[in-house]
Chemist: 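A single structure is presented below for examination.
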Amino acid sequence: MLLCVFATDKECAAALPELHTVPAQGQWLPHVRANHELTVLITGVGPLNAAMHLGRCLATLGDRPAGVINCGLAGAFDTTSHRLGSLCIAAEEINPEYGLYTPDGLVPDGLGFAQYEQDEQRVFDRIQLEPYTAATAMGLSLPQGWPLCPMLSVAGVSGTAERAQEMQTRYPHAMLENMEGFALALSCLHESIPFLELRSVSNKIGSREKADWNIVAGFSALGRAMTMLLEA
């Protein structure tokens, strides 16, 4: 069984249009797609909702999932390299809002408390993901050509050019911004569950101009992504 996690009902409906009923926030339901047994969960928007409702779901389900798939929209810093409606796979999740604020800026390990610590691994603000390994563990095959992207997960969306520039300065290799990925990845890390995150680009980070947004293209890409992933 694979656990498919969406922040919103609209993302879920776009990714799995054959669903007759989309769960309410914090709820889940079983579904079968191309011989894959799925559990479909809606968490609500943001890291707190994501972690809380994924945790509730995992604690309540009778069967442990073979993996967690997160599918949703994201913004891109550069919509020339990552055009509106394009697909990306998370290769790294970054939490840019964890740590100690100092006169020199935010220091992720400034408090000394890791968000995860096991054996030699300590996680403060970054989780390295292994999407191909995760997909294989789930019995899936990632299509060729999907780019691997480091992603930021924020509690507050970067809605100004100044905020976008700040994020790019601190994390120059990050390509996309979302609101749930790090929380879900951290939850799966704690539970030793394979995690795979697929995102489609719906907007340019930091811009509220209509020309820099195409949510319809983003939703359409989610449908293509799940078809390619589950029916390959």
Chemist: From L3 CG over to L58 CG, what is the distance, rounded to the nearest 0.5 angstrom?
Modeler: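 Output value for this atom pair is 6.0 Å.
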
Chemist: Measure the spacing between CG of L87 and CG of L222 and express it to the nearest 0.5 Å.
Modeler: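 That separation rounds to 7.0 Å.
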
Chemist: Which of these, E180, E93, E177, sits in a salt bridge (charged side-chain N to carboxylate O under 4.0 Å, His left out) with R199?
Modeler: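 Running salt bridge (charged side-chain N to carboxylate O under 4.0 Å, His left out) over E180, E93, E177 with R199 returns exactly one hit, E180.
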
Chemist: Using side-chain heavy atoms (C-beta onward) and a distance below 4.5 Å, is W28 in contact with L61?
Modeler: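 Of all side-chain heavy-atom pairs linking L61 with W28, at least one is under 4.5 Å.
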
Chemist: Supply the atom-to-atom distance M179 CE to L152 CG, rounded to the nearest 0.5 angstrom.
Modeler: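 One finds 12.5 Å between CE of M179 and CG of L152.
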
Chemist: Tell me yes or no: between the side chains of N95 and S153, is some donor less than 3.5 Å from an acceptor?
Modeler: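 Judged by distance alone, the side chains do not pair up.
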
Chemist: If you draw a 6.0 Å radius around CD in E130, do more than 12 non-hydrogen atoms from other residues or ligands fall strictly inside?
Modeler: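 For E130, atom CD is not crowded (no more than 12 foreign heavy atoms under 6.0 Å).
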
Chemist: What distance separates T8 OG1 from I42 CD1, expressed to the nearest 0.5 Å?
Modeler: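 With rounding to 0.5 Å, OG1 (T8) is 6.5 Å from CD1 (I42).
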
Chemist: Could you tell me whether E209 atom CD has more than 12 heavy atoms of other residues or ligands within 6.0 Å of it?
Modeler: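 No - once you tally the heavy atoms of other residues, nucleotides and ligands closer than 6.0 Å, there are 12 at most.
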
Chemist: I'd like to check R83 versus V201 (side-chain heavy atoms, cut-off strictly below 4.5 Å). Are they in contact?
Modeler: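 Of all side-chain heavy-atom pairs linking V201 with R83, none is under 4.5 Å.
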
Chemist: Indicate whether the side chain of H36 and that of R33 have a donor and an acceptor atom separated by less than 3.5 Å.
Modeler: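 Per modelled atom types, H36 and R33 side chains form no pair under 3.5 Å.
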
Chemist: Hydrophobic clustering (ILVMFWY, side-chain heavy atoms < 4.5 Å, transitive) - are F124 and Y116 grouped together?
Modeler: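 No, Y116 does not connect to F124 through the hydrophobic network.
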
